[in-house]
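Predicted, not measured: the structure shown is a model, and the values here were computed from it. Side-chain atoms are counted along with the backbone in the values below, which use heavy atoms only and exclude waters and symmetry mates. Within every chain, numbering begins at 1; the chains are lettered A, B, ... in the order of the sequence lines, protein sequences first and strands thereafter.
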2 protein chains.
Amino acid sequence: MNNPCGQHQHPHRLIQQPLDELTDRLRRHSRRVTGPRQAILDVLRRHQTPMSNRDIHAALGQMCDLATVYRNLHTLEGMGLVRRFDLGDGAARFELVTPEDDGHHHHLVCTRCSLVVEIDDCFPPEFEQALAQRHRFARISHRLEFFGVCSRCEAGESRPGPVEA
Amino acid sequence: MNNPCGQHQHPHRLIQQPLDELTDRLRRHSRRVTGPRQAILDVLRRHQTPMSNRDIHAALGQMCDLATVYRNLHTLEGMGLVRRFDLGDGAARFELVTPEDDGHHHHLVCTRCSLVVEIDDCFPPEFEQALAQRHRFARISHRLEFFGVCSRCEAGESRPGPVEA
DNA sequence: ACATGATTGCAAACAGGTTGCAAGAACCAC
DNA sequence: GTGGTTCTTGCAACCTGTTTGCAATCATGT
């Protein structure tokens, strides 16, 4: 994997984090280790790609209310255990973040079947610095996602639900 | 204005397009030139930064229903007269596109006051090509927006409504 | 001017997400 | 363990952005 300018790139999602380690992180933030929370973390750690609140709720079976999922992801995001992504279809997606990795990376989304590929490339941070200076902005960050049509869909074997372009 | 790799960049919004030219484009697409449409185009051509449906509706005064604004922007987007942006706050924004320029560009948004700065820099198209090939995706495009805190806000002179981080 | 079909206003309906409140756990201290 | 304090949860109502059905209205070709 190289990158736009042969430079920056973010490694991530190398291995699944043990569930205990995750719940420990909850405790360290003085958050209670509840059934729904463990279940949500467990679902997330088994997943490679970002999941929506609805996805997670579905994966949980009738374990808890959808509102609980929303609240917990909000909490987890605040704790930095989870990172929010916007894949452009109006629903927030979440991925687990490891303590080492800040979770910064991007995605390539198939606009036909919603297949998501994790992308580690990114443009060099110096670019952002330059932008910040030029426009006198502080604490600059960015959001970048790619869209396209995966080979299966391109070949005609269309399937599930689409995401907007 | 340079760019991430000293390469690609999209010039845009050089001058206001005459209103007649815009309505002509409507006719060419066999769309009727109605009051609301002209007004919407007129509001957009006077604006430098992307406007939400609500913004436009407000700028129009009680000229037409909000639903009409939504429908028209959808139509205009389909015709390629307007381009949709997602600045991350849950409301779609639109900017007029000139016939020459495809409207591809990005924004730097202040997360405190919502100030928007138009950004012409972008990473080189070859990068997207490479991504496409590597993951066997076709027709790749991307969405990129920057967020930060503008100098005024950083200086403490906070004001209007925020946008998410 | 007329006919005709696109367009509009209005209200209802949606979807994602948030929130108030009372009931139900976790967790700490004893 | 027991008990209480405080965080969480379920539920239902609510909010915002956006879409849609339908009848009334208006822009356009003739």
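Evaluation of the side-chain hydrogen bond (donor to acceptor under 3.5 Å, both in side chains) rule for A:D86 yields no partner, not counting sequence neighbours. Partners of A:R28 under the salt bridge (charged side-chain N to carboxylate O under 4.0 Å, His left out) rule, at least two apart in sequence or in another chain, do not exist in this structure. For the side-chain hydrogen bond (donor to acceptor under 3.5 Å, both in side chains) test, residues two or more places apart in sequence or in another chain that qualify with A:R139 are B:E154. For A:Q129, there are no side-chain hydrogen bond (donor to acceptor under 3.5 Å, both in side chains) partners at least two apart in sequence or on another chain. Under the side-chain hydrogen bond (donor to acceptor under 3.5 Å, both in side chains) criterion, A:S52 pairs with A:D55, not counting sequence neighbours. Residues passing the side-chain contact (heavy atoms from CB on, under 4.5 Å) test with A:P99, sequence neighbours excluded: A:Q17, A:R25. For A:V82, the side-chain contact (heavy atoms from CB on, under 4.5 Å) criterion is met by A:L44, A:L73, A:L76, A:E77, A:F94, A:L96, not counting sequence neighbours.
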All N/O donor-acceptor pairs, side-chain side in residues 30-42 of chain A, below 3.5 Å, sequence neighbours left out:
{"residue": "A:T34", "atom": "OG1", "partner": "A:R37", "partner atom": "N", "Å": "3.3"}
{"residue": "A:R37", "atom": "NE", "partner": "A:N72", "partner atom": "OD1", "Å": "2.8"}
{"residue": "A:R37", "atom": "NH1", "partner": "A:R32", "partner atom": "O", "Å": "2.8"}
{"residue": "A:D42", "atom": "OD1", "partner": "A:R45", "partner atom": "NH1", "Å": "2.7"}
{"residue": "A:D42", "atom": "OD1", "partner": "A:R46", "partner atom": "NH2", "Å": "3.4"}
{"residue": "A:D42", "atom": "OD2", "partner": "A:R46", "partner atom": "NE", "Å": "3.3"}
{"residue": "A:D42", "atom": "OD2", "partner": "A:R46", "partner atom": "NH2", "Å": "3.2"}

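The CD-C1' distance, from A:Q38 to D:dT8, rounds to 14 Å in whole Å. Summarising the geometry, the separation between CG on A:D89 and C1' on C:dA15 is reported as 11 Å, rounded to the nearest angstrom. In this entry the distance linking CG of B:D86 with P of D:dG17 reads 13 Å, nearest Å. One can place CG of B:N53 at 14 Å from P of D:dT20, the figure rounded to the nearest angstrom. Going from atom CZ of B:R37 over to atom P of D:dC26 covers 15 Å, rounded to whole Å. In this structure, B:L26 places its CG atom 9 Å from P of D:dT28, rounding to the nearest Å. Computed from coordinates, the B:M63 CE to C:dT8 P distance equals 11 Å when rounded to whole Å. In this entry the distance linking OH of A:Y70 with P of D:dT8 reads 20 Å, nearest Å.
Under the 3.5 Å distance criterion, the side-chain polar atoms of B:T75 are matched with a main-chain donor or acceptor of B:R71.
Note: B:F85 and B:H106 fail the aromatic proximity criterion, with ring centroids not under 6.0 Å apart.
Between A:A92 and B:T68, the residue anchored nearer the 5' end of DNA chain C, judged by the nucleotide with its closest heavy atom, is B:T68.
For A:E95 and A:H105, the side-chain atoms include at least one donor-acceptor pair closer than 3.5 Å.
Side-chain contact check for A:D24 versus A:R27: some heavy-atom pair is nearer than 4.5 Å. In this structure the side chain of B:R143 never reaches within 4.5 angstrom of the side chain of A:F146, judged on heavy atoms.
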N/O contacts under 3.5 Å, protein versus nucleotides 11-13 of chain D?
{"residue": "D:dC11", "atom": "N4", "partner": "A:R71", "partner atom": "NH2", "Å": "3.4"}

For nucleotides 26-30 of chain C, give me every protein contact, N/O to N/O, under 3.5 Å, one pair per line with atom names.
{"residue": "C:dA26", "atom": "N3", "partner": "A:R32", "partner atom": "NH1", "Å": "3.1"}
{"residue": "C:dC27", "atom": "OP1", "partner": "A:V33", "partner atom": "N", "Å": "3.0"}

For A:H57 and A:Y70: C-alpha separation, side-chain torsions, deciding distance, then whether ring-ring contact (aromatic ring centres under 6.0 Å, His included) applies. CA-CA 9 Å; A:H57 182 243; A:Y70 276 102; 9.0 Å; no
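Near-neighbour residues of DNA chain C inside residues 74-82 of chain A, defined by a heavy atom below 4.0 Å, are absent.
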Pairing string of DNA chain C (Watson-Crick or G-U wobble, both atom distances under 3.5 Å; | = paired to other strand) is ||||||||||||||||||||||||||||||
